[in-house]
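Please read the structure below before turning to the comments.
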Number of protein chains: 2
Amino acid sequence: MTRAESETLLRSLGLRPTPQRMLILQAILNSPGHICAEDIYEQVREEYPHINISTIYRTLELLKEHHAISVTDLGQGSVLYELLKEERHHHMVCLCCGKILEFDHRFLEPLEASLEEGYRFKAQIDHFAIFGLCADCQGEEDD
Amino acid sequence: MTRAESETLLRSLGLRPTPQRMLILQAILNSPGHICAEDIYEQVREEYPHINISTIYRTLELLKEHHAISVTDLGQGSVLYELLKEERHHHMVCLCCGKILEFDHRFLEPLEASLEEGYRFKAQIDHFAIFGLCADCQGEEDD
DNA sequence: TCCAATTGTGCAATTAGTTGCATGTGCATA
DNA sequence: TATGCACATGCAACTAATTGCACAATTGGA
């Protein structure tokens, strides 16, 4: 993600494109898949050493509220962030071997539809992490 | 939940029924609905003042691993715990007014089935919190 | 009943994340 | 281009939760 692209994205969300925010966005995009706050912090600091970790967290919170990023706790001690694309996906985490699999958002559409029909509740599911046992581990005893 | 019942529950999970653990379990059950770690701590301390907060967290972690309790982050700053019953339920949290609604576990069964069919992944969904907009708030603009 | 092995606890230090407040910056308006 | 206001940031203090380690309690087996 270029500087110009991150500026455009921020403006489209109604957020001020400050240097800190642009660097944070770029760190998220330049990482393959998920990235944690501490890693964003390290990356941004290389170009902007004065940045404070609370700015990272506040920016991530803002981006989350605007559904620009997904926020996921895969049970690894710190939370992971990812840019939300058109093609949303979610994760299955194996409790036994730790493997992480992806599934497409359309698996959740029936659930969204039934909650809307049953309760008139409009779910905003940016990202789910579902824990369980993968195919390989279902025979195993160490759960 | 009586002392004897909590002892039985702990033994059935293969856990030692220590006084601390029995009091923690009783605090969870005696609370209507969800309870947070700090409130469990306060309650247990009345009968067992020497207890340490880390014992609370370690016991909760154990009970979670044994699927005896559910662990939920409703976005209130601290995580909530609840005894798992046969009739599992989940929550919808309105991002606009904060209202919390319940839905029955059977809404999730099609999802579990499709993940199993599609990926041979056996989901263990003890508790979900789904965020979105309730019926009353869907017209509002303050998201 | 006693004892060793195992498991659990308290304590203190640590980590991830949050908040209040004073200061600094970006942007619309003139 | 200047100016004021709203918004953003850094800093320091704080909270919720976790961890390593030494000591304590519980259990099964002699």
Side-chain angles (χ1 to χ4, degrees), chain A residues 3-4 6-25 27-28 34-45 47-66 68-81 129, chain B residues 3 6-25 27-28 34-45 47-66 68-81:
Chain A
R3 207 187 125 87
S6 53
E7 178 167 349
T8 305
L9 174 50
L10 285 165
R11 284 194 198 280
S12 76
L13 300 173
L15 300 173
R16 286 190 187 162
T18 67
Q20 293 96 325
R21 287 175 176 176
M22 291 193 279
L23 289 167
I24 291 167
L25 263 179
I28 296 172
H34 298 107
I35 187 169
C36 71
E38 198 60 36
D39 289 350
I40 296 172
Y41 185 46
E42 297 302 333
Q43 241 182 277
V44 172
R45 260 209 300 201
E47 283 206 35
Y48 196 108
H50 188 58
I51 196 162
N52 191 275
I53 189 77
S54 63
T55 300
I56 308 281
Y57 282 112
R58 276 189 282 231
T59 300
L60 292 170
E61 176 65 20
L62 265 179
L63 293 171
K64 178 187 93 181
E65 282 170 10
H66 287 81
I69 59 172
S70 69
V71 182
T72 314
D73 185 351
L74 294 180
Q76 301 174 335
S78 58
V79 160
L80 300 177
Y81 304 87
Chain B
R3 211 188 123 85
S6 53
E7 180 169 346
T8 305
L9 175 50
L10 285 165
R11 285 195 196 279
S12 75
L13 299 174
L15 300 172
R16 287 189 188 166
T18 67
Q20 292 96 326
R21 287 175 177 176
M22 291 194 278
L23 288 166
I24 291 167
L25 263 179
I28 296 171
H34 296 107
I35 187 170
C36 71
E38 198 61 35
D39 288 351
I40 296 173
Y41 184 47
E42 296 301 334
Q43 244 182 276
V44 172
R45 261 211 297 200
E47 283 206 37
Y48 196 108
H50 189 57
I51 196 162
N52 190 276
I53 189 77
S54 63
T55 300
I56 308 281
Y57 281 112
R58 275 190 281 230
T59 300
L60 291 169
E61 175 66 20
L62 266 178
L63 293 171
K64 178 187 95 183
E65 282 171 9
H66 286 81
I69 59 173
S70 69
V71 182
T72 314
D73 185 351
L74 295 180
Q76 301 176 336
S78 57
V79 160
L80 301 176
Y81 303 87

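In the text below, chain A, chain B and the rest are named by the order of the sequence lines, each starting its count at 1.
When each of D:dA8, C:dA16, C:dT9 is scored by its nearest atom to the side-chain atoms of A:E38, the top-ranked nucleotide is C:dA16. Between D:dG10, D:dA17, D:dT27, one nucleotide has an atom nearer to the side chain of B:V79 than all others, and that is D:dA17. Checking D:dG10, C:dC27, C:dG10 against the side-chain heavy atoms of B:Y48 singles out C:dG10 as nearest. Among C:dG17, D:dT9, C:dG26, the nucleotide with an atom closest to any side-chain atom of A:S78 is C:dG17. Which of C:dC11, C:dT9, D:dC11 sits closest to the side chain of B:T55 comes down to C:dT9. Listed nucleotides: D:dT18, D:dT9, C:dT9. Nearest to the side chain of B:Y57: D:dT18. The side chain of B:T59 has C:dT9 as its nearest neighbour among C:dC27, D:dG10, C:dT9.
Between B:R21 and C:dT7 there is no side-chain polar atom (N or O) within less than 4.0 angstrom of OP1 or OP2. For the OP1/OP2 pair of C:dT6 and a distance below 4.0 Å, the side-chain nitrogens and oxygens of B:R16 include no atom meeting the criterion. One finds a side-chain N or O of B:T18 lying less than 4.0 angstrom from the OP1 or OP2 phosphate oxygen of C:dT9. Close to C:dG10, at under 4.0 Å from its OP1 or OP2, lies a side-chain N or O of B:Q20.
Regarding A:L10, its CG atom lies at a distance of 10 Å from the P atom of D:dA8, rounded to whole Å. A:Y41 has its OH atom 11 Å from the C1' atom of D:dC11, to the nearest Å. Atom CD1 in A:I51 sits roughly 10 Å away from atom C1' in D:dG10 (whole-Å rounding). At whole-Å resolution of the value, CD in A:E42 and P in C:dA16 are 11 Å apart. We find that CG of B:L62 is positioned 9 Å from P of C:dT9, with the value rounded to whole Å. If you measure from atom CD of A:E65 to atom P of D:dA8, you get 11 Å, rounded to the nearest angstrom. Summarising the geometry, the separation between CD1 on B:I24 and C1' on C:dG8 is reported as 11 Å, rounded to the nearest angstrom. As rounded to whole Å, 14 Å separates atom P of D:dA16 from atom CD1 of B:I40.
Residue-environment remark: CD (B:E47) stays at or below the threshold of 12 foreign heavy atoms within 6.0 Å.
A salt bridge does not link B:E61 to B:R58: none of the charged side-chain nitrogens sits closer than 4.0 Å to a carboxylate oxygen.
With the nearest nucleotide of DNA chain D identified for both B:I53 and B:R11, B:I53 has the one nearer the 5' end. Of the residues near DNA chain D, A:L15 and B:P19, the one whose nearest nucleotide (by heavy atom distance) lies more toward the 5' end is A:L15.
A side-chain donor-acceptor contact under 3.5 Å links B:R21 to the backbone of B:R16.
Under the 4.5 Å side-chain criterion, counting only non-hydrogen atoms from C-beta, A:L13 is in contact with A:L63. Inter-residue side-chain proximity for B:V71 and B:L60 is flagged as unmet; no heavy-atom pair is nearer than 4.5 Å. Taking the side chain as every heavy atom from C-beta outward, B:Q20 and B:T59 never approach each other to under 4.5 Å.
Residue side chain A:R58 does not reach the base of C:dG17 through any donor-acceptor N/O pair under 3.5 Å, judged by distance alone.
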